[in-house]
**Q** 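Let me give you the structure first, and then I'll get to my questions.
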Amino acid sequence: MSTPAPLALLREAALLDGHWVQADDGQTFDVHDPATGQRLGHVPLMGAAETRRAIDAAARAWPAWRRRTARDRGHLLRQLGQLMLTRSDELATLITREQGKPLAEARSEVAYAAAYLDWYAEEGKRVYGETIPTPSADRRLLVFREPIGVCAAITPWNFPLAMMARKVAPALAAGNPIIVKPAESTPFTALALGLLTEEVGLPPGLLQVLTGEPRAIGAELCAHPTVRKLSFTGSTPVGRLLFAQSASTIKKLSLELGGLAPFIVFDDADLDAAVEGALASKYRNAGQTCVCSNRFFVQTGVYDEFADRLREASERLVVGNGLHSGVQQGPLINAVALAKVQHQVDDALARGARLLTGGKRHALGGNFYTPTVLVDVQPDMVIAREETFGPVAPLLRFTSEDEAIARSNDTEVGLAAYLYSRDIGRIFRVGEALEAGMVGVNTGLISTEVAPFGGVKQSGLGREGGRQGIDDYLTTKYMALAGL
Ligand SMILES: NC(=O)c1ccc[n+]([C@@H]2O[C@H](COP(=O)([O-])OP(=O)(O)OC[C@H]3O[C@@H](n4cnc5c(N)ncnc54)[C@H](O)[C@@H]3O)[C@@H](O)[C@H]2O)c1
Ligand SMILES: O=C[C@H](O)CS(=O)(=O)O
């Protein structure tokens, strides 16, 4: 294999108060390429003390930033988005090297992340207040929406740039500083965005990126009273922990958590479109997205045909190192993730599911897993109850519309859901009955910066993207002007 290009944007330091620094005790942790196991570098192993200094730096930087106009802040965000696109190849290579996704997907992630900067550069200028018809002649009532203050973000490894941009953009646009703690597996991408903010002239302390021990940094971000807002994207168990840790300081929380998306195929569906949508919603990022289809409910009349077409399409997917052209599926993030996927497959097979294709590690070894299709899956199998986060499509059979709805909703979470039908009445009946924050109809791709992204039930709180996404970075102030 040819030696990959040097990683120009790679920085082995954290960004704290405008300086690239090491941990106080000099400790670091290594970051590896999930495709090759090669060590990419190391980053500081920071903890509570560094976090406190970052919070103080953010508090110092906030007043000047909030006084700048929304137009001025938006101009800088737009410059940052443009710079991300200009440096797309370097950012995408960094994403692929530390996360594993194919370069084509990594480039799409860069564009998606830059789109959030562009979107909130504009939305910041639409943070409108209001006047209220006065109840008495001598006073006027005004409502202002103001920046909330020091924000913190804890982000996942699966979209290391986009999930960060989805928080940094609205926070800065609304007039707030923000401290980001990226996932241990993918810190370099987050640090690279920090580097680019220096190039566009974002003042020190407004965006800080701390790498280190998640429990120590997270506990400090949750407990420190100066942090007024915490935005988390990750697993539901960690979301619950952060929710509890934030109670003592009554923080405003955004939680983008796990999902278990149903993908419902009705007898009247366009099966070509359904298979195309299944590939997109199942195998994007090797199945490691929060909105991946986790349970395929296929109506009896088309079950066998859909299963065979999905098997055939899955077997055509090219698995390999994301740097290599033509690769459509990269590795899983690590050995633990692969073991979890294999456990779910083994449990299903042991309990009566049938394997149509895959079901084992890929011949490439390491963290590579073969695209897998299981049929005759039952609702009580682990794979139908727990998020897989891997390239496995479990197919369950259903007969009636009501059964499909009930089975889809039989879970604590509700992030995304998908349905394929050409019956407009069915589309609205089922779409409205599904307990999910987002529903894809005749499509397997729903994520966009212009729409509110988020879940219901235990998939989280709040929305990111759309016009709604900036609300979580603002507070409302009512002013009564009397004696007029
Ligand atoms: N809803 C969404 O928008 C969305 C998007 C991407 C991923 N996810 C979910 O994230 C999960 C996979 O991502 P992951 O493995 O990075 O999740 P994770 O919860 O293990 O980690 C997410 C982040 O939390 C940090 N973290 C872990 N333990 C912590 C603690 N005790 N205190 C503070 N921070 C802590 C990690 O370092 C990382 O930065 C899946 O469940 C997926 O569904 C959700
Ligand atoms: O993991 C889910 C993220 O939100 C990625 S995307 O927004 O679906 O692309």
Side-chain angles (χ1 to χ4, degrees), residues 29 45-48 51 99 101 105-106 108-113 115-116 152-167 180-187 189-190 209-223 230-246 254-261 280-281 284-294 332-334 336-337 340 386-390 413-416 436-438 440 444-466 469:
F29 63 93
L45 182 66
M46 292 184 160
T51 305
Q99 196 274 339
K101 66 184 66 175
E105 286 192 28
S108 296
E109 181 179 348
V110 175
Y112 181 41
Y116 278 105
I154 299 177
T155 55
W157 50 260
N158 62 343
F159 288 82
L161 188 63
M163 294 305 96
M164 179 179 173
R166 202 151 85 174
K167 302 172 190 304
V180 177
K181 192 215 72 70
E184 306 87 280
S185 307
T186 55
T189 304
V209 184
L210 302 184
T211 58
E213 213 294 309
R215 286 177 298 278
I217 295 175
E220 187 60 35
L221 291 174
C222 291
L230 174 67
S231 180
F232 170 72
T233 296
S235 62
T236 299
V238 175
R240 288 194 187 102
L241 171 68
L242 296 173
F243 198 154
Q245 288 182 175
S246 299
S254 295
L255 299 174
E256 295 289 347
L257 307 177
L260 200 74
S281 79
R284 183 163 67 105
N285 200 14
Q288 300 170 120
T289 91
C290 57
V291 291
C292 277
S293 299
N294 215 92
L332 299 186
I333 189 67
N334 56 37
V336 171
K340 172 185 171 183
E386 295 177 13
E387 192 173 46
T388 302
F389 241 55
V413 293
L415 190 60
M438 302 170 283
L445 294 173
I446 55 178
S447 306
T448 169
E449 75 285 359
V450 306
F453 188 107
V456 298
K457 299 195 283 188
Q458 296 183 37
S459 281
L461 296 171
R463 290 293 182 271
E464 296 189 309

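From a predicted model like this one, the values you see are computed outputs, not experimental measurements. Ligands are counted one by one from 1 in listed order, and the atoms in each one are counted from 1 as well.
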**Q** Check each heavy atom of P182 against ligand 1 and say whether those closer than 4.0 Å belong to the side chain, the backbone, both or neither.
**A** backbone

**Q** As an exercise, identify every atom of ligand 2 less than 4.0 angstrom from a heavy atom of T289.
**A** 1 (O)

**Q** Would you say N285 and Q99 are linked by a side-chain donor-acceptor pair, where the criterion is simply a distance under 3.5 Å?
**A** yes

**Q** Which part of T289 is near ligand 1, with near meaning a heavy atom under 4.0 Å away: side chain, backbone, both or neither?
**A** neither

**Q** I'd like the name of whichever of L241, N158, N294 reaches closest to atom 30 (C) of ligand 1 through any heavy atom.
**A** L241

**Q** Compare A162, G455, P156 and give the one whose heavy atom is closest to atom 13 (O) of ligand 1.
**A** P156

**Q** If you count the atoms of ligand 2 from 1 in the order shown, which ones are under 4.0 Å from a heavy atom of F453?
**A** 4 (O), 7 (O), 8 (O)

**Q** Which ligand 1 atoms, with their elements, are less than 4.0 angstrom from a heavy-atom of L415?
**A** 1 (N)

**Q** Counting distance only, does the side-chain N/O of K457 pair as donor-acceptor with the main-chain N or O of A436 below 3.5 Å?
**A** no

**Q** Can you tell me which portion of E449 lies within the under-4.0 Å heavy-atom range of ligand 2? Options are side chain, backbone, both, or neither.
**A** neither

**Q** So, does T448 use its side chain to make a donor-acceptor pair with the main chain of A451 at under 3.5 Å?
**A** no

**Q** Whether R166 engages the ring of F453 as a cation-pi pair (distance to the six-membered ring centre under 6.0 angstrom, angle to the ring normal within 45°) should be assessed.
**A** yes

**Q** When you look for heavy atoms under 4.0 Å from ligand 2, do you find them on the side chain of E256, its backbone, both, or neither?
**A** neither

**Q** Tell me which part of Q288 gets within contact of ligand 1: side chain, backbone, both or neither, using heavy atoms under 4.0 Å.
**A** neither

**Q** How does T236 reach ligand 1, by side chain, by backbone, by both or by neither, if only non-hydrogen atoms under 4.0 Å count?
**A** neither

**Q** Please check if the side chain of N158 supplies one atom and the backbone of Q288 the other of a donor-acceptor pair under 3.5 Å.
**A** yes

**Q** For ligand 2, which atoms, with element, lie under 4.0 Å from some heavy atom of R166?
**A** 4 (O), 7 (O)

**Q** Looking only at non-hydrogen atoms, find the nearest pair between S459 and L415 and report the distance.
**A** OG-N, 3.3 Å

**Q** Do me a favour and list the nearest non-hydrogen protein atom to atom 7 (O) of ligand 2 with residue, atom name and distance?
**A** Y112 OH, 2.7 Å

**Q** Give a yes or no on whether atom 21 (O) of ligand 1 lies under 4.0 Å from any heavy atom of the protein.
**A** no

**Q** Work out which heavy atom in E184 is nearest to a heavy atom in P214; give both atom names and the distance.
**A** OE2-CG, 3.6 Å

**Q** Will you find, in the side chains of T233 and K167, an N or O donor that is under 3.5 Å from an N or O acceptor?
**A** yes

**Q** Quick one: look at I217 and ligand 1, take heavy-atom pairs under 4.0 Å, and tell me if it's side chain, backbone, both or neither.
**A** neither

**Q** With a 3.5 Å distance limit and no angle check, can you tell me whether T388 reaches the backbone of G390 through a side-chain donor-acceptor pair?
**A** no

**Q** Does ligand 1 have a heavy atom under 4.0 Å from the side chain of R166, from its backbone, from both, or from neither?
**A** side chain

**Q** How close do L45 and F29 get, counting heavy atoms only, and between which atoms?
**A** CD1-CD2, 3.7 Å

**Q** Quick one: nearest non-hydrogen protein atom to atom 15 (O) of ligand 1, plus distance?
**A** W157 NE1, 2.7 Å

**Q** Which residue owns the protein heavy atom closest to atom 29 (C) of ligand 1, what's the atom, and how far is it?
**A** V238 CG1, 3.6 Å

**Q** Considering heavy atoms of the protein only, find what lies nearest to atom 2 (C) of ligand 2 and give residue, atom and distance to 0.1 Å.
**A** C290 SG, 2.4 Å

**Q** Relative to the heavy atoms of P214, which atoms of ligand 1 are at a distance of less than 4.0 Å?
**A** 26 (N), 29 (C), 32 (N), 33 (C), 34 (N), 35 (C), 37 (O)

**Q** Given S281 and L445, is the side-chain contact (heavy atoms from CB on, under 4.5 Å) satisfied, shown in steps?
**A** CA-CA 6 Å; S281 79; L445 294 173; over 6 Å; no

**Q** Heavy-atom contacts with S447 under 4.0 Å: which atoms of ligand 2 show up? List them by number with element.
**A** 6 (S), 7 (O), 8 (O), 9 (O)

**Q** List the closest protein heavy-atom neighbour of atom 43 (O) of ligand 1: residue, atom name, distance to the nearest 0.1 Å.
**A** E387 OE2, 2.6 Å

**Q** For ligand 1, which is the ligand I care about here, please tell me if G234 has any N or O atom under 3.5 Å from one of the ligand's N or O atoms.
**A** yes

**Q** Is the NZ or CZ atom of K101 positioned over F159's six-membered ring, under 6.0 angstrom from the centre and within 45° of the axis?
**A** yes

**Q** Go through ligand 2 atom by atom and flag the ones less than 4.0 Å from a non-hydrogen atom of R284.
**A** 6 (S), 8 (O), 9 (O)

**Q** Looking at R284 and E105, is there a salt bridge between them, counting it only when a charged N and a carboxylate O are closer than 4.0 Å?
**A** no

**Q** Considering the heavy atoms of L242, write down every atom of ligand 1 situated less than 4.0 Å from one of them.
**A** 32 (N), 33 (C)

**Q** What I want to know is whether T233 and ligand 1 share at least one N or O pair that is separated by under 3.5 angstrom.
**A** no

**Q** Could you report the tightest heavy-atom contact between G239 and L257, atom names first, then the distance?
**A** CA-CD2, 3.8 Å

**Q** Do the side chain of S246 and the main chain of C222 share a donor and acceptor less than 3.5 angstrom apart?
**A** no

**Q** Which one holds for I154 and ligand 1: side chain close, backbone close, both close, or neither close, with close meaning a heavy atom under 4.0 Å?
**A** side chain

**Q** State whether the shortest distance between N or O atoms of E184 and N or O atoms of ligand 1 falls below 3.5 angstrom.
**A** yes

**Q** Take atom CZ of R240 as the centre, draw a 6.0 Å sphere, and report whether it contains more than 12 heavy atoms from other residues, nucleotides or ligands.
**A** yes

**Q** State whether the shortest distance between N or O atoms of V291 and N or O atoms of ligand 2 falls below 3.5 angstrom.
**A** no

**Q** Just to be sure I read this right, does ligand 1 sit under 4.0 Å from the backbone of I333, its side chain, both, or neither, counting only heavy atoms?
**A** neither

**Q** Under 4.0 Å, heavy-atom basis, I'd like to know which part of T233 is in contact with ligand 2: side chain, backbone, both or neither.
**A** neither

**Q** Pair L161, T189 - check side-chain contact (heavy atoms from CB on, under 4.5 Å), show working.
**A** CA-CA 6 Å; L161 188 63; T189 304; 3.6 Å; yes

**Q** With backbone taken as N, CA, C and O and side chain as the heavy atoms from C-beta onward, which portion of F159 lies under 4.0 Å from ligand 1: side chain, backbone, both, or neither?
**A** neither

**Q** Return the residue, atom name and 0.1 Å-rounded distance of the protein heavy atom closest to atom 38 (C) of ligand 1.
**A** T155 O, 3.2 Å

